[in-house]
Amino acid sequence: MRTPPTPGATVWLTGLPSSGKTTLAQALASRLTREGHRVEVLDGDEIRTFLSAGLGFTREDRDTNVQRIGLVAEVLARNGILVLVPVIAPYADSREAVRKRHEASATPYLEVHVATPLQVCAVRDVKGLYAQARAGRLSGLTGIDDPYEPPQTPDAKVETQLQSVDESVTAVHALMTQRGLL
Ligand SMILES: Nc1ncnc2c1ncn2[C@@H]1O[C@H](COP(=O)(O)OS(=O)(=O)O)[C@@H](OP(=O)(O)O)[C@H]1O
Ligand SMILES: Nc1ncnc2c1ncn2[C@@H]1O[C@H](COP(=O)(O)OP(=O)(O)O)[C@@H](O)[C@H]1O
């Protein structure tokens, strides 16, 4: 007898720039793929090059970006894919709308707060954005002079400043298993 297929799901990784969203999503995707799952990573930078081309970083544009990504994620997840979304999504109401979209189709949705402290993110500064902001060459950087509303009740909180990438992957993987998604 065939075992029933596991459902798809969206796992949204929200957090500051350089918090570890992309690294965690890619490492988790590799593990899930090795385990035989169908996985997609909706990478913020790639989405902004195509699906959200032309959008900037005003509140309105970020909301539009997040809702577009939420729609694509829900469509994929509803059709059995595990969708990992490493996107800042700084506004709580915008994240809530994405959760509601998933609830409306009974599609599993997990919100993971990649809760690396700002000071650690600013030292990592993977893309040099914090340095640009310090030098006065970039304004509206999330966490510096643009808001980041931390999730009040995330499904998980990942403290990457205290863990290796493997440990963070294991934590999210364990949550997905516990919720019956794997
Ligand atoms: N002003 C400003 N604020 C925040 N981030 C900025 C900004 N300008 C460019 N970037 C780069 O764009 C990436 C964020 O895109 P997202 O689509 O994830 O952001 S959002 O959810 O629409 O707010 C983000 O990627 P990550 O560093 O991977 O988070 C940044 O590299
Ligand atoms: N436990 C961890 N999880 C994820 N990233 C980590 C962790 N520990 C250290 N890092 C490092 O933090 C940086 C995060 O960068 P990135 O994933 O591009 O962040 P973001 O996508 O949030 O902007 C990478 O250099 C990564 O190697």
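Nothing fancy with the numbering, it's 1 onward along the sequence. Note that the structure is predicted; figures quoted are calculated from it, not measured. Remember, it's 1-based here, ligands and their atoms both numbered in the order they're listed.
Nearest protein heavy-atom neighbour of atom 23 (O) of ligand 1: Arg62 NH1, 2.8 Å. Protein heavy atom at the shortest distance from atom 30 (C) of ligand 1 is Leu129 CD1, 3.4 Å. Scanning the protein heavy atoms around atom 21 (O) of ligand 2, the nearest turns out to be Thr22 OG1, 2.5 Å. Counting protein heavy atoms only, atom 12 (O) of ligand 1 is closest to Phe57 CZ, 3.4 Å. The shortest contact between atom 21 (O) of ligand 1 and any protein heavy atom is with Ala89 N, 2.8 Å. For atom 4 (C) of ligand 1, the closest non-hydrogen atom of the protein is Thr142 OG1, 3.3 Å. Scanning the protein for heavy atoms near atom 6 (C) of ligand 2, the closest one is Val165 CG2, 3.8 Å. Given atom 25 (O) of ligand 2, the protein heavy atom at minimum distance is Val126 CG2, 4.0 Å. At the top of the distance list for atom 14 (C) of ligand 1, counting protein heavy atoms only, stands Ile88 CD1, 3.5 Å. Counting protein heavy atoms only, atom 25 (O) of ligand 1 is closest to Lys127 NZ, 3.1 Å. Taking atom 1 (N) of ligand 1 as the reference point, the nearest protein heavy-atom neighbour is Gly140 O, 2.7 Å. In this structure, the protein non-hydrogen atom closest to atom 16 (P) of ligand 2 is Thr23 OG1, 3.6 Å.
Arg48 and Asp43 are not joined by a salt bridge, as no carboxylate oxygen comes within less than 4.0 angstrom of a charged side-chain nitrogen. Under a 4.0 Å N-O distance rule, the pair Arg31/Asp166 does not qualify as a salt bridge. Comment: Arg59 does not engage Asp146 in a salt bridge, judged by the lack of any side-chain N to carboxylate O separation of less than 4.0 angstrom.
For atom 2 (C) of ligand 2, the choice among Leu13, Val114, Thr160 with the nearest heavy atom turns out to be Thr160. Counting heavy atoms only, Asp45 comes closest to atom 13 (C) of ligand 1 of the residues Ile69, Asp45, Leu55.
Interface of Pro17 with ligand 1, defined as ligand atoms under 4.0 Å from a residue heavy atom, comprises 27 (O), 29 (O). Listed by number with element, the atoms of ligand 1 under 4.0 angstrom from any heavy atom of Pro90 are 21 (O), 23 (O). Residue Ser168 has at least one heavy-atom neighbour below 4.0 Å for each of these atoms of ligand 2: 1 (N), 2 (C), 3 (N). For ligand 2, the atoms closer than 4.0 angstrom to any heavy atom of Ser18 are 14 (C), 19 (O), 20 (P), 22 (O), 23 (O). Within ligand 2, counting atoms from 1 as listed, the ones closer than 4.0 Å to a heavy atom of Pro17 are 23 (O). Of all atoms in ligand 2, numbered sequentially from 1 with element shown, those under 4.0 Å from a heavy atom of Ser164 are 1 (N).
Under the 4.5 Å side-chain heavy-atom criterion for grouping Ile, Leu, Val, Met, Phe, Trp and Tyr, Leu55 is not connected to Leu51 through any hydrophobic cluster. A single hydrophobic cluster is seen to contain both Tyr148 and Leu129, as judged by linkage of ILVMFWY side chains at heavy-atom distances under 4.5 Å, directly or through other members.
Leu16 counts as a contact of ligand 2, since one of its heavy atoms falls under 4.0 Å from the ligand. Contact annotation: Gly15 has no heavy atom less than 4.0 Å from any atom of ligand 2. Using a non-hydrogen distance threshold of 4.0 Å, Asp146 does not register as a contact of ligand 1.
If you check the side chains of Ser94 and Gln67, you find a donor sitting under 3.5 Å from an acceptor. Between the side chains of Asp125 and Ser18, no donor-acceptor pair is found at a separation under 3.5 Å. When only modelled atom types and interatomic distance are considered, Thr160 and Arg124 share a side-chain donor-acceptor pair under 3.5 Å. A donor-acceptor contact closer than 3.5 angstrom links the side chains of Thr142 and Arg62. For the residue pair Ser105/Glu74, the side-chain donor-acceptor check at 3.5 Å is satisfied.
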Point to revise | Glu159 and Thr116: CA distance, side-chain angles, deciding distance, side chain to side chain donor-acceptor pair (under 3.5 Å) verdict | key: CA-CA 5 Å; Glu159 314 263 9; Thr116 316; over 6 Å; no
Exercise for review: For the pair Asn65 and Ser52, evaluate side chain to side chain donor-acceptor pair (under 3.5 Å) and give the outcome as yes or no after the intermediate values.
Suggested key: CA-CA 6 Å; Asn65 181 44; Ser52 287; 2.8 Å; yes
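With a 4.0 Å heavy-atom cut-off, ligand 1 is reached by the side chain of Val66 but not by its N, CA, C or O. Residue contacts with ligand 1 for Ser52 are absent, since no atom lies close enough (heavy atoms, distance under 4.0 Å). The side chain of Arg124, and not its backbone, has at least one atom closer than 4.0 Å to an atom of ligand 2 (non-hydrogen atoms only; side chain from C-beta on).
Note that the CD atom of Glu96 and the CD atom of Glu103 stand 7.0 Å from one another [nearest 0.5 Å].
Of the N or O atoms in Gly20, one or more lie within a sub-3.5 Å distance of an N or O in ligand 2.
A heavy-atom distance below 4.5 Å is found between the side chains of Leu42 and Val72.
Counting only distance, with no hydrogens or angles, the side chain of Glu149 and the backbone of Ala92 share a donor-acceptor pair below 3.5 Å.
Residue Val172 belongs to a hydrophobic cluster whose other members are Val11, Leu13, Leu24, Leu28, Leu32, Val39, Val41, Leu82, Leu84, Leu110, Val112, Val114, Val158, Val165, Val169, Leu175, Met176, Leu181, Leu182, with links defined by side-chain heavy atoms closer than 4.5 Å.
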